[in-house]
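In what follows, a single structure is set out as structure tokens and then discussed.
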Amino acid sequence: MPVLVASVLSLKGGVGKTTVTLGLASAAVHRGLNTLLVDLDPQMNATATVAPELDGVADGRLKWSVAEVLDDPSSKVMGRTVRESGWGEHLRVLPGSERTEIHNHPDPGSKKLFRLSSALERVRPEPDLVLIDCPPSLGQLTRSALIAADRAVLVTEPSLFAVTGVQRALEAVQTERAAHRPTLQPLGVVINRFRPRVTEQEYRLAELRELFGPLVLSPVLPDRSAIQQAQGAAVPIHQWPTAGAREIAQSFDQLLDRLMRAGKQRSRK
Ligand SMILES: Nc1ncnc2c1ncn2[C@@H]1O[C@H](COP(=O)(O)OP(=O)(O)O)[C@@H](O)[C@H]1O
Ligand SMILES: [Mg+2]
């Protein structure tokens with residue numbers, strides 16, 4: 001099976017990018033897919049959840065992180081940087097660090113934008129799936145992630161600015177697809193933290209479905225405290241022993257099915 005690369009992005013912070021990346025990673029590990037999680041966010045929440053024991057994670061100053069890979073995307077640097085996670089043998093991590101911020105230019109030269117993509121081609125052994133957690137902006141880091149990706153997973157809450165946020169993120173996907181990465185496609189939009197029976201949220205969800213049709217992915221993710229509990233304990237949601245966690249874990253299984261089907265379509269082309 002060829003490597004499938006998925007980038008998880010949004011314009012805003014706090015909408016659930018890291019949660020969706022971690023949920024998909026949990027589902028992938030649960031079914032035995034060899035997965036690499038790439039943490040492009042200088043806040044490095046994903047790294048702190050899957051590899052809290054790594055040296056330097058506590059103060060954000062890792063010696064080898066994705067920032068060093070973006071300085072020099074060689075096999076040697078990749079070999080030093082990709083690490084085992086605390087989530088078992090199926091998950092490795094390309095850790096984040098605060099220093100990654102220096103690679104977040106608003107308008108970088110296009111050569112720099114390909115560094116992550118070339119680094120990911122050098123991961124050995126090759127993973128089945130690469131999941132990239134992006135920072136909350138459309139600068140160099142997120143553009144690098146799109147140029148490295150086959151599928152873009154957009155995340156939004158069902159709120160007032162969701163429509164414009166999703167539109168702008170979709171435009172960013174189309175721009176990189178046209179200019180740099182012909183295999184890139186939007187997988188769709190994950191609606192996160194949905195609260196049923198809240199009129200405003202029901203209205204926003206209907207609006208998103210009307211505008212984006214089949215791009216709105218099923219299932220919609222509800223607001224569940226199990227997500228925060230599992231993240232706080234640095235445990236995959238598939239291993240968190242509550243009914244709320246099981247519900248969310250099943251939702252991520254379905255989202256992962258959709259992603260892996262997209263991977264199969266791609267390899268038939
Ligand atoms: N569906 C959800 N239910 C409950 N809490 C959630 C949900 N999604 C995200 N959160 C919490 O909201 C906060 C922000 O989510 P996060 O995934 O870190 O967003 P982002 O990566 O987009 O900044 C985190 O504390 C996370 O645990
Ligand atoms: Mg995040």
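Atoms within a ligand are numbered from 1 in the order they appear, just like the ligands themselves.
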In the protein, which heavy atom is nearest to atom 9 (C) of ligand 1, and how far is it?
-> Thr19 OG1, 3.3 Å
Determine whether any heavy atom of Leu221 lies closer than 4.0 Å to an atom of ligand 1.
-> no
May I ask which of Gln229, Arg224, Gln231 has a heavy atom nearer to atom 27 (O) of ligand 1 than the others do?
-> Gln231
Of all the atoms in ligand 1, which lie at a distance below 4.0 Å from a heavy atom belonging to Pro222?
-> 1 (N), 2 (C), 3 (N)
Asp128 side chain to His90 side chain, donor-acceptor N/O pair below 3.5 angstrom = no
At what distance is the nearest protein heavy atom to atom 2 (C) of ligand 1, and which residue and atom is it?
-> Ile227 CD1, 3.5 Å
Does a sphere of radius 6.0 Å around CZ in Arg168 hold more than 12 heavy atoms from other residues, nucleotides or ligands, not counting ones at 6.0 Å or beyond?
-> no
Check: Gln228 N/O within less than 3.5 Å of ligand 1 N/O | yes
Taking only non-hydrogen atoms of Gly14 and a 4.0 Å limit, the atoms of ligand 1 in range are 14 (C), 19 (O), 20 (P), 22 (O), 23 (O)
Side chains of Ser85 and Arg83: donor-acceptor distance under 3.5 Å anywhere?
-> no
In ligand 1, which numbered atoms sit nearer than 4.0 Å to a non-hydrogen atom of Lys17?
-> 17 (O), 19 (O), 20 (P), 21 (O), 22 (O), 23 (O)
Using distance alone, with no hydrogens and no angle criterion, decide if Gln231 and Thr19 have a side-chain donor and acceptor under 3.5 Å apart.
-> yes
Are Asp71 and Val66 close enough that some pair of their side-chain heavy atoms sits under 4.5 Å apart?
-> no
Ligand 1 to Gly13, heavy atom cutoff 4.0 Å, flagged ligand atoms 23 (O)
Contact (N/O only, under 3.5 Å) between Arg193 and ligand 1 = yes
Metal site the Mg ion (ligand 2): N/O/S of Thr18 inside 2.8 Å = yes
Could you tell me whether Gln167 atom CD has more than 12 heavy atoms of other residues or ligands within 6.0 Å of it?
-> yes
In this structure, CG of Asn192 is separated from OG1 of Thr156 (nearest 0.5 Å) by 9.0 Å
Output the list of atoms in ligand 1 that are nearer than 4.0 Å to some heavy atom of Asn192, sorted by atom number.
-> 1 (N), 2 (C), 7 (C), 8 (N), 9 (C)
If you count the non-hydrogen atoms of other residues, nucleotides and ligands that lie under 6.0 Å from CD in Glu84, is the total more than 12?
-> no
Side-chain contact, heavy-atom cut-off 4.5 Å: Val82 with Leu36?
-> yes
Say whether Gly16, considering both its backbone and side-chain N or O atoms, lies within less than 3.5 Å of an N or O atom on ligand 1.
-> yes
Look at atom 18 (O) of ligand 1 and say which protein heavy atom is nearest, naming residue and atom and giving the distance to 0.1 Å.
-> Thr18 CB, 3.9 Å
